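Below is one structure; the comments refer to it alone.
Fair warning: this is a prediction, and the values are worked out from it, not measured in the lab. Just so you know, ligand 1 is whichever comes first in the structure, and atom 1 is the first atom listed for that ligand. Counting from 1, the numbers follow the sequence of the chain as shown.
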Amino acid sequence: MTATNLPASSGNGAGPAVSVSSDIPHLDVDPFSIEFFADPYPTHELLRETGPVVYLDKWNVYAVARHAEVHAVLNDPGTFCSSRGVGLSDFAKEKPWRPQSIILEADPPAHTRTRAVLNQVLSASVMRPLRERFAAAADAKVDELLARKSFDAIADLAEAFPMSVFPDAMGLKQEGRENLLPYAGLVFNAFGPPNQLRQDAIDRSAPHQSYVAAQCQRENLAPEGFGGCIHARADSGDITEAEAPLLVRSLLSAGIDTTVNGIGAAVYCLARFPAQLARLRQDPTLSRNAFEEAIRFESPVQTFFRTTTRDVEISGHRIGEGEKVLMFLGAANRDPRRWENADHYDINRKTSGHVGYGSGIHMCVGQLVARLEGEVMMAALARKVRTIEITGPVKRRYNNTLRGLESLPVTMVPA
Ligand code: 8QM
């Protein structure tokens, strides 16, 4: 992991007369390797400290890891576009592995219309009647797990709770739901480079892809769920009948593994930092912020790419048109330039400004659902649990984009 000072690989024209350098430092780190996933933090620091923009020779991409630059790239979608894909693959050069998302992988004005529909389908007024159901499910789940005493906080809590509320809220039938997590794992691996993780996921994807394609159809969705509400927007002419299944697919892609890893992160934080669990128990009104801080601290979605639409400068460094820029959300969320005690999980922290949900026009459209799930689970733990002890080997789950655990054996003692 050495920093060198080579000229940037593209756009080496005569250049402007003043103060724009093409001396972007190169790093030979692979942020999609198992060794990196096992402990990304020293490399995050190297990425941030090497410069505001670096070039990663392993994948031929630019990268930003400081909060200021990640935020700036996210908030200039005209220059840093999504329509050429938000993974490593450039859709201008390579065919996407599945039909392109019409919200995630779209730019204004196309994005504006599909985004407006999902904004309404997942709005605050839609959350109000869901809250009671989600809270009752979280309470029941924690009661069940306290009766068992020892269990796996990933399979039995972080996966089981979202799986008990989100598929029903979508309006999915019971049959085949076991495909949802493997499909999402595939989607998030596919944003990464053509490594073993991505290839294996795509090789095994056929049954998961055919399940999801079928569940996106109107006849397989309850009319009152998120899925049915999307299809109803075709009746009112806001989207076409061909677009509705693709927007349902977006929710099936992004709506479950994200909250699994968010809730997994939150429980892992409470288990590692018992003083924070004690504070949460003293004041359960901190539940929503305790979840938000876990999103900042662990950043379940670690990275996204953009593609430059023109020659551009980032903090005085020139990048050519058609270049991929990798954004390290997880590194920005621990940038000491932005956060005091960045590496501390602190449920009283002012978390606003974290980029765990992104920022700008693409910022997580499902954030109210995610926060609702997270908040009600943290509130159930705050009221019902005295201690969480880690009682066995903590196993990490490796994915090109998602950060989270495979297994977290715990014993919980009731309050
Ligand atoms: C990630 O398919 C989609 O539209 C889609 C897939 C994945 C995400 C978002 C949207 C960011 C959570």
Check salt bridge (Lys or Arg N to Asp or Glu O under 4.0 Å) between Arg310 and all other residues, then give those that pass, not counting sequence neighbours. none
Could you work out, with ring pair (Phe, Tyr, Trp, His ring centres under 6.0 Å) as the rule, every residue matching Phe134, not counting sequence neighbours? none
Evaluate the side-chain proximity of Ile295 to Pro300: yes if any heavy-atom separation is below 4.5 Å, no if none is. yes
Dump the pairs for me: ligand 1 N or O, protein N or O, distance under 3.5 Å, to 0.1 Å.
{"from": "ligand 1", "atom 1": "2 (O)", "to": "Arg98", "atom 2": "NH2", "distance (Å)": "2.8"}
{"from": "ligand 1", "atom 1": "4 (O)", "to": "Ser101", "atom 2": "OG", "distance (Å)": "2.6"}
{"from": "ligand 1", "atom 1": "4 (O)", "to": "Ser250", "atom 2": "OG", "distance (Å)": "2.6"}

Holding to ring pair (Phe, Tyr, Trp, His ring centres under 6.0 Å), I want the full list of residues that pass it with Phe36, two or more places apart in sequence or in another chain. His44
Mutual orientation of the aromatic rings belonging to Phe166 and Phe226 [parallel < 30°, tilted 30-60°, perpendicular > 60°]: tilted
Side chains of Ser253 and Arg98, heavy atoms from C-beta outward: is any pair under 4.5 Å? yes
